[in-house]
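Treat the numbers as computed from the prediction; the structure is a model and nothing was measured. Along the sequence shown, the residues carry numbers beginning at 1. Each ligand, and each atom within it, is numbered from 1 in the order the structure gives.
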Amino acid sequence: MTTKILKIDKTVDKYEAELKYAAEIIKNGGLVVFPTETVYGLGADGTNPEAAKRIYEAKGRPSDNPLIIHIADPSDAEKYTFTTPLYYKLAKHFMPGPLTVILKAQQSIPNETRANLSTVAVRCPANPIARMLIKYAGVPIAAPSANLSGSPSPTNAEHVIDDMMGRVNMIIDGGDSDFGLESTIVKIEDDDSVTLLRPGKITAEELKAVCGKVTVSSAVTEALKEGEIALSPGMKYRHYAPKSPVFLLDGALNNCIEYIKSIFGDKNIAILAYTSDFREIKEKLPHAYLYEFGDKENEELQAHTLFNILRDADKRDFDAIFAPLPRREGIGLALYNRMIRAAAYQIIRM
Ligand code: TXA
Ligand code: MG
């Protein structure tokens, strides 16, 4: 398949003709990668079962892992799901934006899109390119992250081209993703309680301020136990897995440096280093390849660069990669959730 690349910016009015052309591809059952404020999405008509199947093929994704449908306006959820007052409360505070809500599905969304579940995930992205594309398509756009299954989500067009060239009809290059980690996912339960399934830019604390109580699924921070059923099918896969083993370090910098020196002193290693630690690590572990991970307090910047670093590290074939263990609050929880998976739950405590 030949893949067209369309480079545009967020002043979408200038690109009406181009976006209408991309929307035609979607309407005709084709695949279009588009930017969102979280990560790039691999989009197709969410009401077309054949188009949904093409998404799974292009990603190499297991067909039991359901897709998020992207809508242009929060009230479009009426057409595809059974909304509740709580949905509108969440929508009022967080949409358009990086929040995905799981609701009971209507029949208008085929089984192929929702992997035979009775629910479907909806999200109204804030990125103007994404919203215009959905609007012109006139259908909900089903879109997982636009990476090959098992690689980190793409946060710029280069990542998408690496994974999707020749597999999709079009890639819309809209520049760097603003946030860089996937959306926060919540499920509205039958009794109107809220479960957090995947943390993101919209934090657990912000959700609690709006909903009162929010239960954080244990799968956010822990590996599924043997035989346990995932609330969100995607949680059972080893996501974001770099080729080299990743270790999360929890302890004073000095101890971490000593540990690395004693065991990996002669190995080809990489370290994600906070700005405040950078010089000391460079001095004491001169053989290590250092990635700038930003200020310790600047979790937005860490979120923005994490997948970029992991993709770069994949090309360099390290014996091991070390990163500091994030805190479990605010955006730190989203970092923790992605990094603990990249590390296959290996934390070294000192
Ligand atoms: O930021 C994002 O959410 C991006 C952009 C493109 O919108 N999309 C994204 O999609 O991250 P994906 O497919 O890579 O991750 C969606 C996750 C998967 O783990 C999937 O299992 C879960 O959401 N999911 C989708 N529908 C669900 C449902 N009905 N019930 C439970 N989990 C669901
Ligand atoms: Mg994904």
>> I need the atoms of ligand 1 closer than 4.0 Å to a non-hydrogen atom of L117, numbered in the order shown.
In response: 28 (C), 29 (N), 30 (N)

> With respect to atom 15 (O) of ligand 1, which of R198, H70, K187, E37 exhibits the smallest heavy-atom separation?
Replying inline: R198

> Applying a 4.0 Å heavy-atom criterion (strictly less than), which segment of R114 is in contact with ligand 1: side chain, backbone, both, or neither?
Replying inline: neither

> Does N147 bring an N, O or S atom to within less than 2.8 Å of the Mg ion (ligand 2)?
Replying inline: no

> At a 4.0 Å threshold, what atoms of ligand 1 neighbour a non-hydrogen atom of I185?
Replying inline: 17 (C), 23 (O)

> Just by distance, do the side chain of K261 and the backbone of L285 share a donor-acceptor pair under 3.5 Å?
Replying inline: no

> Taking only residues at least two apart or on different chains, which pairs with a member in residues 104-114 satisfy side-chain hydrogen bond (donor to acceptor under 3.5 Å, both in side chains)?
Replying inline: K104-D190

>> Applying a heavy-atom cut-off of 4.0 Å, say which part of T119 lies close to ligand 1: side chain, backbone, both or neither.
In response: both

> Which atoms of ligand 1 have any heavy atom of T38 under 4.0 Å away?
Replying inline: 1 (O), 2 (C), 5 (C)

>> Would E182 count as being in polar contact with ligand 1, using the rule that some N or O on each side must be under 3.5 angstrom apart?
In response: no

>> Can you see whether T38 engages T36 through a side-chain donor-acceptor pair at a distance of less than 3.5 angstrom?
In response: yes

>> Between N156 (side chain only) and E158 (backbone N and O only), is there a donor and an acceptor less than 3.5 Å apart?
In response: yes

> So is there a nitrogen or oxygen of T36 less than 3.5 Å from a nitrogen or oxygen in ligand 1?
Replying inline: no

> Which ligand 1 atoms, with their elements, are less than 4.0 angstrom from a heavy-atom of S183?
Replying inline: 1 (O), 2 (C), 3 (O)

> Residues two or more places apart in sequence or in another chain: which of them pass side chain to side chain contact (heavy atoms under 4.5 Å, CB included) with T100?
Replying inline: I68, A121, R123, S183, I185

> Can we say R311 and D314 salt-bridge, meaning some charged N sits less than 4.0 Å from an Asp/Glu carboxylate O?
Replying inline: no

>> Looking only at distances, can you tell me whether any N or O atom of S145, backbone or side chain, sits closer than 3.5 Å to an N or O atom of ligand 1?
In response: yes

> Atoms of ligand 1 less than 4.0 Å from G41 heavy atoms?
Replying inline: 6 (C)

> Is the side chain of R54 donor-acceptor paired with the backbone N or O of G30 at a distance under 3.5 Å, no angle test?
Replying inline: no

>> Could you check whether any side-chain N or O of Q346 sits under 3.5 Å from a backbone N or O of A343, counting only pairs where one atom can act as donor and the other as acceptor?
In response: yes

